[in-house]
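Lettering of chains follows the sequences in order, A, B, ..., and the numbering in each one begins at 1. We use all heavy atoms of the structure for the numbers below, so side chains are in, but hydrogens, waters and symmetry mates are not.
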Amino acid sequence: MKDTSGSGYDFVSIQKKWNERWEGLSLARAEDFSQKPKLYALVELPYPSGSGLHMGHCWNYALFDTYSRFHRLLGYNVLYPMGWDAFGLPTYNHAIKVGKDPHEVSAESITTFRRQLKELGLAFDWEREIDSSSPEYYKWTQWIFVQLYEHWYDGTFARKDGGVGQARPMSDLPIPDEVRQKGESAITEYKDAKRLAFKKKMPVSWCPKCKTGLANEEVLGDGTHERCGTLVEKRDLEQWMLRITAYAERLLADLDTVDFPNGVKAAQKNWIGKKYGVNITYDVVTEDGQKVSEVTCFTSRPETNFGATFVVVAPEHAILEELGQYMDEVTKKNVLEYKNTSARKTKEQREAEGKKKTGVNTGLYCLNQLTGTKMPLCVSDFVLVDFGTGALVGVPGHDLRDFQFAQVMNLPVVRVVTTEGGDESEITQESQVQEESGVMINSGFLDGMEIHEATTKMMDYLEEKGWGKKITVYRFHDWVFSRQHYWGEPTPMVHCEQCGWNPVPMNQLPVTLPKLADYRMGEDGSSPLEKADEWIQVSCPSCGGKARRETDVMPNWAGSNWYFLRYLDPHNKEKLVDQTIASYWMPVDIYYGGQEHVTLHLLYSRFIYKFLSDLGAVPGVEPYKQRRNHGIILGPDNRKMSKSWGNVVNPDEVVGKFGADVVRLYLMFIGPYESVTPWNERSVIGVHRFVVKLIKKLKKECTVVNRDKEVGENGISIGLSRLKQRVRGDIVLLKFNTIVASFMEFLNTYEKNPWPYEIIKEFLILLSPFAPYVSEELWEVLGEKGSVHQQELKIADVTQEVHSEIDLPVMVNGKLRAKISVMSNATEADVVTLATQAAPQYLSQGYAKVIYVPGKAVNFVVR
RNA sequence: GCCGGGGUGGUGGAAUGGCAGACACGGGGGACUUAAAAUCCCCUUCCCAAAAGGAGUGAGGGUUCGACUCCCUCCCUCGGCACCA
């Protein structure tokens, strides 16, 4: 395809020539504090993998390269940066596979990526390039961690911006007297329980293939690791955790202030899963009524509590151990066995069980204060230990799952809500279980009330009596922030036998990742850094005694949480980012990235930004003003591109075959920016034809061009001004596909017309963000000096548009019957007269009414 | 089950209250050529032999002079969440 057809399009030498010439021009340099309006356009930074750039990257970056270039032409100070999310599992796994040092593998991949991006003609501000795995960068990732460790969340603190809740230094943490009285270790324990970064032993998801713990967000709905597809297990591990749940309320509320797609907002709300309800505490009693403990149940529907007949706790619930002493030996054994069996159940087994609940009775009871009855206390794995309190109060008459459990366990069912029509019959089957509507009965002071009205009444009542406490619970959890592998930021913490955990002092950051002879993971899941003896041994920052470094590293999200801030001030040695520079550029005006990051990166980085905002380190409270998700480019066979399908389209190959401009234009033309569309080489050829035709036409026009030729008010001039309007309107909406169509339409329409010099010049400026090489080449052919990319794009105001002759549809009762040709500013009377003549056969009986919408249509209403 | 997208020719897709199918692919016919490739011209939603005409944007109803577009009911499909109390 390399100019074999005599097309005059030798893209190889054109690209080579301009890549060299552009090198010194800094076409994409963003200037801090420029008087021009700023535009921060951000694309997700890639993790550089061994296989090179994939088509999805190209799509993502080419579209926003065009967006950025276009705004530069309009006079914006545009920041469009690029960097490398080089830490993390993909690079690490690849290094292990090829048996090299991850440092080396990562550097090689970055070199490939950078070359490929440049060959696509992407104009990034390379002076701001960052690498999350470089010590200069991860010094600040570690600094953020230390700050989290050194802060606690005050949920009642009145913020400057009028909101409530803020992170505050540990030194401001009030220590309650009862804690103080217990002494130093109690105070330390109390403090540790409040920190935003804290260590906790807990069951975490564990990937047996990657041999590391995972955050809940990294485990897919089917229970597999989102990176490698392996079924995850649960393991008890000591992990560093980040208290993201402290920010739940603000993460939810501030969604209303940003321009994100509905789906993204909904997914984040779903993920956070806020629920309002009440925690009711019940006395646990033995058969003969002796109180032995208490259990707290969360419920969002307390109004049905007169119908509560049992309490169920999760098999892992801590209370069971304590209650063991009050159970007989057989019961105790049953409970333990049940716990072990359910721990071994896979997700599939649970799903297969479906409605068929399982459980055991503890022989103990909970006292229902409302009815004075003793409710059996049971154990079942349909109760989740990590939602609410891990215990629930069963109302089998009005909750389907409770009913199913009652059936299996032979527990009584009491009706407290009537079905439609006032049905008060006994509930004996699932279909009778009423959850959403009805009137209260058998419920004392609630009788006669509509069910939802009774909810608040009951909450108030329980609180008044001191039996319950209103509470908001969240579905999501604190963020597991430790990984037992090598290729990540070392966690900047030191453990001393005497003083416990201490953060590495600021002046000793970064804690650099040591090189290892063998950087593979231990078979037992131990961190590879355990092998770095010298590195581990340090003196305690607090007492100077012997201490050990933390050997777990941070997850791959750690570096990408805040990377968009480092682009602003990439070489700052004193601070993460200079406040005044950040105030100039932030927030990110538009952020374009993948749907898969919605509850991962996008939520995490909003959390970290809010924390940094609490520290006063960054302006505002939200990092991204506008977010758009890109779609997916499928293989030509309509399946997801994958090596196993053999349907991967390699960017190097297509750029080599068609040239960068054609690939860029095709990526825009392929469909809407968020669509899921197959790659179609036939369609690439369509775009190639357009480019060749354009070059042919313009080269011809350039040689016959007469610089004095009048532009005048001819068709092509009006056509070009309309094209400009369309391009400008569509680029704001990211409708790149229709823009390319408009360019094609323009060429088709005016292919036979002469193109005056001024028209060619303006056309090339308009085209330059879309096809940077071709337009620059033709700019030179035209005899222009300088770069087409440094010109100013002038777009006239819509109102100044010249009136011209247009086709106007003539409709009768909304049906198209004729067309007339009128001036776009013609008077209604003239239009109606013309229209009447155009469709006489439909108007012979006269008409009742005429509606004229200038420029759109004229419609006669005939009755 | 809940939440969020989407459903338009043979295909990717245009049109967000005013000419349905822009633009492109594919297909058909023709020109050029010894031939092929490339290129150029014409046709290409469906029904009817054609014209005239009619039907038509997942289905049904509604609002409107006028609906792919707005409202209601339903179906299908993709994505997120889900034994979440």
- Task: Ignoring backbone atoms, establish whether A:Asn737 has a side-chain N or O less than 4.0 Å from OP1 or OP2 of B:A14.
- Result: yes
- Item | Distance, C1' atom - from B:U8 to B:A55, rounded to whole angstrom | 15 Å
- Query: What is the distance from NZ of A:Lys815 to C1' of B:C65, rounded to the nearest Å?
  - Reply: 13 Å
- Query: So, is A:Asn262 close to the B:G5 phosphate, meaning a side-chain N or O under 4.0 Å from OP1 or OP2?
  - Reply: yes
- Is the distance from OP1 or OP2 of B:A82 to the nearest side-chain N or O of A:Arg475 less than 4.0 Å? yes
- Task: Identify all stems in which RNA chain B takes part, counting only runs of at least 3 consecutive pairs (Watson-Crick or G-U wobble, each distance under 3.5 Å), and give each as one range with another, ordered by first number.
- Result: B:1-7 with B:75-81, B:10-12 with B:23-25, B:26-31 with B:39-44, B:45-47 with B:53-55, B:58-62 with B:70-74
- Mark yes or no: A:Lys357 above the aromatic ring of A:Phe405, with NZ or CZ under 6.0 Å from the six-membered ring centre and no more than 45 degrees from the axis. no
- Classify the glycosidic conformation of B:G9 as syn or anti, calling it syn when the angle lies within 90° of 0. syn
- Message: In whole Å, I'd like the distance from the CG atom of A:Leu694 to the P atom of B:C23.
- Response: 17 Å
- Note on the structure: When A:Asp402, A:Leu384, A:Val313 are each screened for side chain to side chain contact (heavy atoms under 4.5 Å, CB included) with A:Leu392, the one that passes is A:Asp402
- Take A:Asp730 and A:Gly814, find for each the nucleotide of RNA chain B with the closest heavy atom, and name the residue whose nucleotide sits nearer the 5' end. A:Asp730
- Message: Rounding to an integer number of Å, can you tell me how far A:Lys697 NZ sits from B:C40 P?
- Response: 13 Å
- Query: For A:Leu816 and A:Phe387, take the nucleotide of RNA chain B holding the closest heavy atom to each; which residue's nucleotide lies nearer the 5' end?
  - Reply: A:Leu816
- Using a cut-off of less than 4.0 Å, is there contact between a side-chain N or O of A:Arg682 and OP1 or OP2 of B:A24? no
- Note on the structure: A:Glu745 CD to B:G21 P, in whole Å, measures 12 Å
- Is the distance from OP1 or OP2 of B:A24 to the nearest side-chain N or O of A:Lys693 less than 4.0 Å? no
- Whole angstrom value for the distance that separates P of B:G6 from CG of A:Asn629: 13 Å
- Check whether any side-chain nitrogen or oxygen of A:Tyr842 sits under 4.0 Å from OP1 or OP2 of B:G53, and answer yes or no. yes
Show the atom names and distances, to 0.1 Å, of all donor-acceptor pairs under 3.5 Å that link a side chain in residues 260-270 of chain A to residues at least two apart or in another chain.
unit_1, atom_1, unit_2, atom_2, d
A:Lys265, NZ, A:Leu255, O, 2.9
A:Lys265, NZ, A:Val258, O, 2.9
A:Gln268, OE1, A:Arg606, NH1, 2.6
A:Gln268, NE2, A:Val598, O, 2.9

- Which residues share a ring-ring contact (aromatic ring centres under 6.0 Å, His included) with A:Tyr474, sequence neighbours left out: none
- salt bridge (charged side-chain N to carboxylate O under 4.0 Å, His left out) pairs, two or more places apart, involving residues 296-317 of chain A: A:Arg301-A:Glu303, A:Arg301-A:Glu436
May I have the list of side-chain donor-acceptor pairs in residues 828-835 of chain A shorter than 3.5 Å, sequence neighbours left out?
unit_1, atom_1, unit_2, atom_2, d
A:Asp830, OD2, A:Thr827, OG1, 3.1
A:Thr833, OG1, A:Ala829, O, 2.7

- Taking only residues at least two apart or on different chains, which pairs with a member in residues 735-750 of chain A satisfy salt bridge (charged side-chain N to carboxylate O under 4.0 Å, His left out)? A:Arg726-A:Glu745
- Task: For B:C72 and B:U64, measure between their C1' atoms and round to the nearest Å.
- Result: 16 Å
- Query: Do the side chain of A:Asn859 and the base of B:C65 come within less than 3.5 angstrom through a donor-acceptor pair of N or O atoms?
  - Reply: yes
- On a whole-Å scale, what distance lies between the P atoms belonging to B:A20 and B:U69? 14 Å
- Note on the structure: Atom OH of A:Tyr666 and atom C1' of B:C25 are separated, to the nearest Å, by 9 Å
- What about A:Lys357, does its side chain sit under 3.5 Å from the base of B:C83 through a donor-acceptor pair? yes
- Query: Looking at the side chain of A:Arg689, which of B:A14, B:C65, B:G26 is the nearest nucleotide?
  - Reply: B:G26
- Item | A:Thr389 side chain vs A:Thr296 backbone, donor-acceptor pair below 3.5 Å | yes
- Decide yes or no, distance alone: a donor-acceptor N/O pair under 3.5 angstrom between the base of B:C65 and the side-chain of A:Lys849. no
- In whole Å, what is the span from the NZ atom of A:Lys735 to the P atom of B:C23? 16 Å
- Task: Compare side-chain N and O positions of A:Thr677 against OP1 and OP2 of B:G13 and report whether any pair is under 4.0 Å apart.
- Result: yes
